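Below is one structure; the comments refer to it alone.
Note that ligands are numbered from 1 as they come in the structure, with each ligand's atoms numbered from 1 the same way. Just so you know, these numbers use all the heavy atoms, side chains as well, and skip hydrogens, waters and symmetry mates. Predicted model only: the values in this text are computed from it and were never measured.
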Amino acid sequence: MASLFKDPNKLSAYRDRRFSGTQEEFDEALLNSTTIYVGNMSFYTTEEQVYELFTRAGEIKKIVMGLDKNGKTPCGFCFIMYYSREDAEDSVKYISGTILDDRPIRVDFDWGFQEGRQWGRGRSGGQVRDEYRTDYDPGRGGYGKLVQKE
Ligand code: GTA
């Protein structure tokens, strides 16, 4: 069946600042990759729970949990590599917005996992978004890191 996702601009609003190629190369990778990114996860969600939910969209080749670069503990995101593009698309279509550990997770297309991408890029070690958060989110370490420092 022909892919429903053919316009890279509609695939993902996220642009990875650390992607080293051109915009065309980024779009090409996004259109063909079998990797997805999962965001808004609880720090307490395990790889086993991720596997159990995401295997519903298709056979999984590998899961890489996102980790705090200082504490080496889960920091609320992961990458999932499927064997087929169709399964990755189904994962975005059907699993994004569903609840995992009481949280609506966000499933996004990704240009492809590379060593190093599993680490949070925030200055405190976790994800950048958790530095700027002003709400209290018990599943993600309480207040945002900047608020905690105040
Ligand atoms: N495919 O949506 C995504 C995505 N995100 C958010 C992160 N990754 C993603 N991949 C896909 N789709 O490998 C990947 C990254 C990296 C890993 C950890 O996850 O490619 P990170 O989240 O720590 O850092 O990445 P990243 O992605 O470089 O953060 P970015 O894009 O600067 O900021 C994310 C969000 O933080 C923004 O959308 C915004 O909500 C908030 N934010 C950033 N800067 C500010 C600021 N100055 N003020 C307020 N809010 C801010």
Going by distance alone, is a donor N or O of one side chain under 3.5 Å from an acceptor N or O of the other, for [X] and [Y]?
{"X": "Arg106", "Y": "Asn40", "value": "no"}
{"X": "Asp68", "Y": "Thr73", "value": "no"}
{"X": "Ser91", "Y": "Tyr82", "value": "yes"}

Looking at [atom], what's its closest protein heavy atom, distance included?
{"atom": "atom 18 (C) of ligand 1", "result": "Phe77 CZ, 3.5 Å"}
{"atom": "atom 48 (N) of ligand 1", "result": "Tyr132 CD2, 3.4 Å"}
{"atom": "atom 41 (C) of ligand 1", "result": "Arg129 CA, 4.1 Å"}
{"atom": "atom 12 (N) of ligand 1", "result": "Asp108 OD2, 2.7 Å"}
{"atom": "atom 1 (N) of ligand 1", "result": "Asp110 OD1, 2.8 Å"}
{"atom": "atom 13 (O) of ligand 1", "result": "Arg117 O, 2.9 Å"}
{"atom": "atom 15 (C) of ligand 1", "result": "Tyr14 OH, 3.1 Å"}

Run down the list [options] and name the one with the heavy atom closest to [atom].
{"atom": "atom 7 (C) of ligand 1", "options": "Phe19, Tyr37, Phe113, Phe109", "value": "Tyr37"}
{"atom": "atom 33 (O) of ligand 1", "options": "Val128, Ile36, Leu67, Val64", "value": "Val128"}
{"atom": "atom 16 (C) of ligand 1", "options": "Glu131, Arg106, Arg121", "value": "Arg121"}

> Do the ring planes of Phe26 and Phe19 sit parallel (below 30°), tilted (30 to 60°) or perpendicular (above 60°)?
Replying inline: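 Judged by the thresholds at 30° and 60°, the geometry between Phe26 and Phe19 is perpendicular.
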> Less than 4.0 Å between a side-chain N and a carboxylate O, is that true for Arg121 and Asp16?
Replying inline: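 A salt bridge is present here (some side-chain N lies under 4.0 Å from a carboxylate O).
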>> Less than 4.0 angstrom from a charged side-chain N to a carboxylate O is my criterion; do Arg140 and Asp135 meet it?
In response: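 So Arg140 does not pair with Asp135 through a salt bridge.
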> Do ligand 1 and Arg17 have nitrogen or oxygen atoms that lie under 3.5 Å from each other?
Replying inline: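 Right, the criterion is met.
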> N/O to N/O below 3.5 Å, does that happen between Gln127 and ligand 1?
Replying inline: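 Yes; at least one N/O pair falls below 3.5 Å.
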>> The test is side-chain contact (heavy atoms from CB on, under 4.5 Å); show your working for Arg117 and Asp110 and say whether it passes.
In response: CA-CA 11 Å; Arg117 292 197 65 207; Asp110 188 74; 2.7 Å; yes
> At their closest point, which heavy atom of Val147 faces which heavy atom of Thr134, and how far apart are they?
Replying inline: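 Here Val147 and Thr134 meet closest at CG2-CA, 4.0 Å.
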Heavy-atom protein neighbour under 4.0 angstrom from [atom]:
{"atom": "atom 22 (O) of ligand 1", "answer": "yes"}
{"atom": "atom 37 (C) of ligand 1", "answer": "no"}
{"atom": "atom 51 (C) of ligand 1", "answer": "yes"}

> Are the side chain of Lys145 and the backbone N or O of Ser124 linked by a donor-acceptor pair below 3.5 Å?
Replying inline: no
> Between the side chain of Glu47 and the main-chain N/O of Val64, is any donor-acceptor distance below 3.5 Å?
Replying inline: no
>> Under 4.0 Å, counting heavy atoms only: does Trp119 come that close to any atom of ligand 1?
In response: yes
>> Any non-hydrogen side-chain atom of Phe54 less than 4.5 Å from a side-chain atom of Val38?
In response: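 The answer is yes, as the side chains (C-beta and beyond) meet within the 4.5 Å cut-off.
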>> Which of the numbered atoms in ligand 1 are under 4.0 angstrom from any heavy atom belonging to Asp16?
In response: 20 (O)
>> Out of all atoms in ligand 1, which are within 4.0 Å of some heavy atom of Phe79? Include the element for each.
In response: 13 (O), 14 (C), 19 (O)
